[in-house]
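For reference, the structure discussed in these notes is given below.
Protein chains get the first letters and strands the later ones, always in sequence-line order, with residue 1 at the start of each.
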There are 2 protein chains.
Amino acid sequence: MRPPTIRDVAERAGVSKSLVSLVLRGSDQVRPEKRQAVLAAVEELGYRPNAAARSLSERRTRTVGVLLNDMRNPWFVELLDGLGSRLHDSGLHMLLADGRLNRRLGEDLTHTFTELRVDGLIAVGTLPPSPALRTAAGQIPTVVAGAREPVLPRMDIVAGDDEHGARLATEHLIGLGHQRVAHIAGQGVVGELRRRGFEAVMREHGLADTAIVEQGDLTEEGGYRAMVRLLGAAGRPTAVFAFNDIAGVGALSAAEELGLQVPRDLSLVGYDNTYLSRLRHLWLTTVDNASHDVGRRAAQCLLDRITAPDRPSETVLVTPALKARGTTAPPVTSGRRP
Amino acid sequence: MRPPTIRDVAERAGVSKSLVSLVLRGSDQVRPEKRQAVLAAVEELGYRPNAAARSLSERRTRTVGVLLNDMRNPWFVELLDGLGSRLHDSGLHMLLADGRLNRRLGEDLTHTFTELRVDGLIAVGTLPPSPALRTAAGQIPTVVAGAREPVLPRMDIVAGDDEHGARLATEHLIGLGHQRVAHIAGQGVVGELRRRGFEAVMREHGLADTAIVEQGDLTEEGGYRAMVRLLGAAGRPTAVFAFNDIAGVGALSAAEELGLQVPRDLSLVGYDNTYLSRLRHLWLTTVDNASHDVGRRAAQCLLDRITAPDRPSETVLVTPALKARGTTAPPVTSGRRP
DNA sequence: CTCACCTTATGGAACGGTCCACACCATGAG
DNA sequence: CTCATGGTGTGGACCGTTCCATAAGGTGAG
């Protein structure tokens, strides 16, 4: 029992397969009664077009591949939402693949996607450098969403304005009255940008001397350890701006384990506005990087590049916004400051 | 500039397209020097087989579709990991799709998957009832993973043993000395099973009278509200077993807002062992439902059903394990018990 | 009446693979 | 010398669509 084909439908409706094809693709060159007959036959047989045959013939798949780095860190969910809705409007499907999952298996997802002949590629977040992605991007329209690297010709970048976001977070803390502010830094270009935003604002407020940067990473553990180091050193900060929410949560744990009350004794800001930060038990002040918007614009960008593959590369930055929640407050005025 | 086809490779290597096909599919009926010539041509041209053409001809896609309900609740990540690794061993790819995302767009993913002619379907977690899934399951080998419904002919179920897991959680609490134990219940068959496990153990320990069940849902908000109700009523429990980690985190917030210290004044157990529960700031005692194993077995089950579509339905239950962390402790012995 | 033309329908050639049936060429047995 | 044998290689049908070139039939103008 093989699934019915367009020929089965044609036979049942008493027309040629070409006419069935016309009807299914919405041509207006068909007499209404024939159209009805075809649609009825489709219904009766439960016909579904074969995507492989269609894309073989049309020489496109109406599908874009989405490369994800790690599903465990949920910051990208909103982004995917925006991405999907815009793509859907243009009749494109989204194929998700978690790179970490497959890389462990020694499989390169870009290979899979090129074999599938996806019409486009979206790299979500910073991916480990891969020559295969480079090659793929040379052949398939590609957009990086929510990250700033790699920068390659014929490839666009859509991301939140990390430097601006970091500035917002830092200004928020300074605005509350904090002077000794620390930053738990992340890696890569994004880490660099957020650090730069932090340092710039501190400098502008004449606080360059009391600005502390502690290297962390993108994990809870990294945030925890960085916070332990920060609080163990002399001149401990009264406020900390963490690279992202996960690191922020780690930092939160460290602070509380060392007997500090947040936000009374220490203010803390994260980044990404993940649902983690929205949990009322954490209620983390954070920076919303407008991921939904980033996703939508990345989709738009990809659509544009699909229609004009050779146009110059573009970098779109979306403006983030501060999301003040429960982990930031003015510092307690202690007399022991120098 | 179209991507090279098997004919281009053949021409370059000076052989027929059939021979190229043989080489690429690893036949041993080919003379080594010809094989080398073909492989060299493949390399030089950067040839990648066209998946659409291949699956059209082979009449299978080597791809299974994975239906996900909601990426925001991360319990399934481990499951996907197990699923992916087992499928990969059999040369199958995984196509992920978030149902919630697409349902909002009025698109039915099962349609997409049937058009793609995926070789199999995995429904992860409890999905909203859909006649389309029913139809799809009738035509495509389908396995439900990490849920207990829907039950349809020619469809297998692989899940954690929820009743047993609930028993573990409840016994853990009773073993610590708790007598007034409450359960924040979930919905659906899984919710039912966990509640049943809870009630059975309470009964077995002669605690049926002090067993409280409060209806929640699968969200943080639901857990929060259920906990508020529990703590507001008379005979407040000293321990609570929540349907899942997310609800547990909500419950945790409620308890702390009402001035209770966890675990001193109240013990709390979640379910799923998500990374949420592993955050040191929450450090939630929970039940590990061996998702990785569930994933692997679901994959195995699907492979079996693909080879024998008509064999009787099977239900595989994987044994969960308690993960004791920081939110459970013996109750403080207060004199005011009746 | 003839012819151009428009609308509607059709056959058949792609699309890029797989795989079957068959051809070719040594080789060695009868 | 002939003929089965077996290892290698090839042509071509087929998978299920799309779409182009063209046919059939009706209509109105000249």
Side-chain angles (χ1 to χ4, degrees), chain A residues 1-39 41-42 45-63 91 111-112 114-119 139, chain B residues 1-39 41-42 45-63 91 111-112 114-119 139:
Chain A
M1 269 303 294
R2 310 212 276 202
T5 74
I6 201 172
R7 280 168 232 266
D8 298 326
V9 175
E11 190 176 350
R12 173 136 196 159
V15 299
S16 73
K17 64 173 181 29
S18 304
L19 189 68
V20 176
S21 179
L22 283 178
V23 169
L24 292 179
R25 296 176 326 93
S27 163
D28 55 350
Q29 302 285 78
V30 178
R31 274 217 317 270
E33 55 263 42
K34 297 258 185 183
R35 180 190 309 280
Q36 287 314 316
V38 169
L39 293 177
V42 165
L45 296 175
Y47 168 78
R48 296 260 117 209
N50 180 321
R54 185 196 295 249
S55 63
L56 182 59
S57 178
E58 277 189 317
R59 334 195 64 243
R60 63 189 197 137
T61 51
R62 297 173 189 277
T63 293
H111 283 359
T112 311
T114 45
E115 295 190 2
L116 287 171
R117 301 288 194 270
V118 291
D119 294 341
Q139 295 159 349
Chain B
M1 269 302 295
R2 309 211 275 202
T5 75
I6 200 172
R7 281 164 232 267
D8 299 326
V9 175
E11 190 175 352
R12 173 137 196 157
V15 299
S16 72
K17 63 173 181 33
S18 304
L19 189 68
V20 176
S21 179
L22 283 178
V23 169
L24 291 179
R25 294 174 328 92
S27 163
D28 54 351
Q29 302 287 77
V30 178
R31 275 221 311 274
E33 56 263 40
K34 295 261 183 180
R35 179 191 309 281
Q36 287 315 316
V38 169
L39 292 177
V42 165
L45 296 175
Y47 169 77
R48 294 261 116 207
N50 180 322
R54 186 196 296 250
S55 64
L56 182 58
S57 177
E58 277 188 319
R59 330 194 67 242
R60 63 187 195 140
T61 51
R62 298 173 188 275
T63 293
H111 283 359
T112 311
T114 46
E115 295 189 1
L116 287 171
R117 302 287 194 271
V118 292
D119 295 341
Q139 295 160 348

Residues V9(A), L24(A); criterion side-chain contact (heavy atoms from CB on, under 4.5 Å); working and verdict: CA-CA 11 Å; V9(A) 175; L24(A) 292 179; over 6 Å; no
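In this structure, T61(B) and L116(B) have side chains that are not in contact, with every pair of non-hydrogen atoms separated by 4.5 Å or more. Side-chain atoms of R117(B) and P3(A), non-hydrogen and from C-beta on, do get closer than 4.5 Å to each other. Residues N50(B) and T5(B) fail the side-chain proximity criterion, which asks for heavy atoms closer than 4.5 Å.
For the side-chain contact (heavy atoms from CB on, under 4.5 Å) with V30(B), the qualifying choice from V15(B), V20(B), L22(B) is L22(B), the only one to do so.
With hydrogens and angles ignored, no donor-acceptor pair under 3.5 angstrom links the side chain of S16(B) to the base of dT10(D). Contact of S18(B) with dG11(D) (side chain to base): a donor-acceptor pair of N or O atoms is detected under 3.5 Å.
Going from atom CZ of R62(B) over to atom C1' of dT18(C) covers 11 Å, rounded to whole Å. Rounding to whole angstrom units, CG of residue L56(A) and C1' of dT18(C) are separated by 13 Å. Here dG17(C) presents its C1' atom at 14 Å from CZ of R60(B), a figure rounded to the nearest Å. For the pair L24(A) CG and dA9(C) P, the interatomic distance rounds to 14 Å; values are reported in whole Å. For the pair R7(B) CZ and dT18(C) P, the interatomic distance rounds to 11 Å; values are reported in whole Å. The CD1-P distance, from I6(A) to dA14(C), rounds to 19 Å in whole Å. Put simply, CG on L19(A) is 6 Å from C1' on dA9(C), counting in whole angstrom units. Rounded to whole Å, the distance from CZ on R59(B) to P on dT18(C) is 15 Å.
Set against dT18(C), dT8(D), dC15(C), the side chain of R31(B) has dT8(D) as its closest nucleotide. Here dT18(C) is the nucleotide among dT17(D), dG12(C), dT18(C) with the atom lying nearest to any side-chain atom of K17(B). Checking dC15(D), dT18(D), dT18(C) against the side-chain heavy atoms of S57(A) singles out dT18(D) as nearest.
Between R25(B) and Q29(A), it is Q29(A) whose nearest contact on DNA chain C lies nearer the 5' terminus. Both T5(B) and K34(A) lie close to DNA chain C; mapped to their nearest nucleotides by heavy-atom distance, the more 5′-ward contact belongs to K34(A).
Heavy atoms of R2(B) sit under 4.0 angstrom from primed sugar atoms or phosphate atoms, though from no base atom.
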